[in-house]
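Below, chain A is the first sequence line, B the second, and so on; all start at residue 1.
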Number of protein chains: 2
Amino acid sequence: MKKVTCVRLEANEKQIQRCHESIRLVEVHIIELANVLNLVGNAVRLKIVYLLHAEKELCVCDISDVLQMNVSAISQHLRKLKDGDLVTAKKEGQTIYYSIKEDYRKTLSPIFRQINSLKKMELV
Amino acid sequence: MKKVTCVRLEANEKQIQRCHESIRLVEVHIIELANVLNLVGNAVRLKIVYLLHAEKELCVCDISDVLQMNVSAISQHLRKLKDGDLVTAKKEGQTIYYSIKEDYRKTLSPIFRQINSLKKMELV
DNA sequence: AAAGTATTTTAGCATTTGCTAAAGTATGAT
DNA sequence: ATCATACTTTAGCAAATGCTAAAATACTTT
């Protein structure tokens, strides 16, 4: 018999049960969402996504210029975002334009709203 | 003279300038927000925060029980969340109750809304 | 005071991350 | 065909992450 819970008096068996069930129901979504949040939980990638949101589309070279970073580093971040299905690439000649995938606009918009509201507060 | 931008014809100097200025204005907020997103961009921590949001407060031992994980691992995740100021701890005897910091309720609520809306879709 | 409970901290380790530098691919211009 | 441009990929490396196991702390009960 392995002990599972702490034995403190207040241990609310009902609460534990409820939590267990609650997690069971959302586990898959949490894992999926955590992946997305992990992608934008990096300052460089959040900047990239923020720029793409504001400018519709940008090429690797432009982003590299704006963020003052190695083209290769930017390319690698974009690859992660593409692998995570957050952005798409559109080739035009030798330049490749990246943009946010429509499916994720809704998930990301509260994040951008947050950033912009903080920006506004500063201007007051 | 170091080259900064790609030399492609379409290179829109105005756009680059606008992006530069835009990033400059939000950089601090982006870094701050990326830190928060990075914290919840981990499935275990997102589950913890989700549970705390639903149950108001929980002790380490309860969380460990619900998520079926080592107490030490949970404690370490809680420490990160506390260091990031996302949660607070309240000691009561030998048990320590964690809860989400009021200041972050607003930042996090769209995330929980997202999770719960996905849960509901499944029930349809 | 001794033993038990709840939690934290430390050490150790395998894995992942994010960068730089260098080489590779693809398109465009001469 | 050769060279330049835009980008990706690879290799290598230092730093960060997330876990387990063990030791440390702090309170409670006996």
| Considering only C:dT7, C:dG18, D:dC7, which nucleotide approaches the side chain of A:K80 most closely? | C:dG18

| query | Once you round it to whole Å, what is the distance between C1' of D:dT28 and CD of B:E92? | reply | 15 Å

| task | Assign the ring pair A:Y50 / A:F112 to parallel, tilted or perpendicular, where the plane angle (0 to 90°) is split at 30° and 60°. | result | tilted

| task | For residues B:C19 and A:E55, report the shortest heavy-atom separation together with the two atoms involved. | result | SG-CG, 3.5 Å

| If you find the nucleotide of DNA chain C closest to A:A73 and the one closest to A:K91, which residue's nucleotide is nearer the 5' end? | A:A73

| said: Rounded to whole Å, please give me the gap between CD1 in A:I48 and P in D:dC7. | reply: 13 Å

| query | Expressed in angstrom and rounded to an integer, what is the separation of B:L67 atom CG from D:dC19 atom P? | reply | 11 Å

| query | Say you draw a straight line from NZ of B:K101 to CG of B:L52; how long is it, rounded to the nearest 0.5 Å? | reply | 14.0 Å

| At how many degrees, to 10°, do the end axes of the helix from C:dA1-D:dT30 to C:dT30-D:dA1 meet when each uses five pairs? | 10°

| query | Does CZ belonging to B:R105 count more than 12 external heavy atoms closer than 6.0 Å? | reply | yes

| task | Return the nearest nucleotide to the side chain of B:V71; candidates are D:dT28, D:dC19, C:dT7. | result | C:dT7

| task | Spell out, as yes or no, whether a donor-acceptor pair under 3.5 Å connects the side chain of A:R45 to the backbone of A:L39. | result | yes

| Taking only N and O in the side chain of A:N70, is any of them less than 4.0 Å away from OP1 or OP2 of C:dC19? | no

| Under 4.0 Å between a side-chain N or O of A:R79 and OP1 or OP2 of D:dT8? | no

| Is a donor on one side and an acceptor on the other found under 3.5 Å between the side chain of A:S64 and the backbone of A:M69? | yes

| Polar side-chain contact B:S72-C:dT9 base: donor and acceptor under 3.5 Å | yes

| message | Under 3.5 Å, is there any donor-acceptor pair linking the side chain of A:Q76 to the base of C:dT20? | response | yes

| request: Starting at atom CD of B:E57, determine the distance to atom P of C:dT7, rounded to an integer number of angstrom. | output: 12 Å

| query | When the nearest nucleotide of DNA chain C is assigned to B:Y98 and to A:N42 on a heavy-atom basis, which residue is associated with the more 5' position? | reply | B:Y98

| Please give, in whole Å, the distance from D:dT8 C1' to A:D83 CG? | 12 Å

| A:S75 side-chain proximity, nearest of D:dT8, D:dA26, D:dC19 | D:dT8

| request: Measure from CG on B:N38 to P on D:dG18 and round the result to the nearest Å. | output: 8 Å

| message | Check A:E21 with A:R24, please: is the shortest side-chain N to carboxylate O separation under 4.0 Å? | response | yes

| Check: B:T95 side chain, B:C59 main-chain N or O, donor-acceptor pair, under 3.5 Å | no

| note | In whole angstroms, the gap separating P of C:dT16 from CG of A:N35 amounts to 13 Å

| OP1 or OP2 of C:dT17 sitting under 4.0 Å from any side-chain N/O of A:H77? | no

| field | Nearest-neighbour nucleotide for the B:I96 side chain, C:dT8, D:dT5, C:dT5 considered | value | C:dT8

| Could you give the CG-to-C1' distance, from A:D65 to D:dC7, as a whole number of Å? | 15 Å

| Are A:K82 and D:dT8 close enough that a side-chain N or O sits under 4.0 Å from OP1 or OP2? | no

